[in-house]
Amino acid sequence: QKITAFNIERVKLWFELDAMNNQMCVYSGKTISARMILSDEVQVDHILPFSRTLDDSLNNKVLVMASENQIKRNQTPYEAFGKDIEKWAAIQERAKKLPFN
């Protein structure tokens, strides 16, 4: 893989998961392995939609499973997953382990 700003961002976000969350996708709880970092299996998600906040900072991004990001689309995590009480509770627990920012 080429070294690009986009790939560097993915690696940084993966290391945040590594340090705080055992490399788990915050939305699904599935492990994101090192092999997956630069694959189509994962995507960088704007936690609060960029189109609504214009926040493109690293603080508003997380590396997640592409399948979960497709469900979330242009919604907040609560809008996308909040109706499923058990899933939402699990997301909240995993999110508590992310860096404070």
Note to self: Please verify the inter-ring angle class for Trp88 with Tyr78; under 30° counts as parallel, over 60° as perpendicular, anything in between as tilted.
What the structure shows: perpendicular
Next item on the list: Check whether any side-chain heavy atom of Ser33 sits under 4.5 Å from a side-chain heavy atom of Gln23, and report yes or no.
Entry: no
Next item on the list: Measure from the side-chain N and O atoms of Glu68 to the backbone N and O of Met65, and report whether any donor-acceptor pair falls under 3.5 Å.
Entry: no
Notebook entry, point to check: Judged by atom type as modelled, is there a donor-acceptor pair below 3.5 Å linking the side chain of Glu93 to the main-chain atoms of Ala90?
Noted result: no
Next item on the list: State the CZ-CE distance between Arg10 and Met36, to the nearest 0.5 angstrom.
Entry: 10.5 Å
Margin query: Could you measure the distance from the CG atom of Asn74 to the CZ atom of Arg52? Nearest 0.5 Å is fine.
Written below: 6.5 Å
Notebook entry, point to check: OG of Ser51 to CZ of Arg73: how many Å apart, nearest 0.5 Å?
Noted result: 12.0 Å
Next item on the list: Measure the spacing between CD1 of Ile37 and CH2 of Trp14 and express it to the nearest 0.5 Å.
Entry: 4.5 Å
Margin query: To the nearest 0.5 Å, what is the distance between CD1 on Ile8 and CD1 on Ile3?
Written below: 6.5 Å
Item checked: Heavy-atom closest pair, residues Lys61 and Leu13 -> O-CD2, 3.5 Å
Check: Is the side chain of Asp56 donor-acceptor paired with the backbone N or O of Phe50 at a distance under 3.5 Å, no angle test?
Finding: no
Checklist line | Check: Ile47 main-chain N/O paired with Lys72 side-chain donor or acceptor under 3.5 Å | finding: yes
Notebook entry, point to check: Side chains of Ser57 and Asn59: do they bring a donor and an acceptor to under 3.5 Å?
Noted result: no
Notebook entry, point to check: In this structure, are over 12 heavy atoms from other groups packed under 6.0 Å from Gln70 atom CD?
Noted result: yes
Next item on the list: Verify, without hydrogens or angle tests, whether Asp45 (side chain) and Val64 (backbone) share a donor-acceptor contact under 3.5 angstrom.
Entry: no
Item checked: Separation between CG of Leu17 and CE of Met24, rounded to the nearest 0.5 Å -> 10.0 Å
Checklist line | Backbone N/O of Val26 and side chain of Lys97: donor-acceptor pair under 3.5 Å | finding: no
Margin query: More than 12 heavy atoms of other residues, nucleotides or ligands under 6.0 Å from NZ of Lys30: yes or no?
Written below: no
Checklist line | Leu98/Glu16 under side chain to side chain contact (heavy atoms under 4.5 Å, CB included): CA gap, chis, key distance, verdict | finding: CA-CA 7 Å; Leu98 292 171; Glu16 282 188 358; 5.7 Å; no
Item checked: Co-membership, hydrophobic cluster, residues Ile71 and Leu48, 4.5 Å side-chain -> no
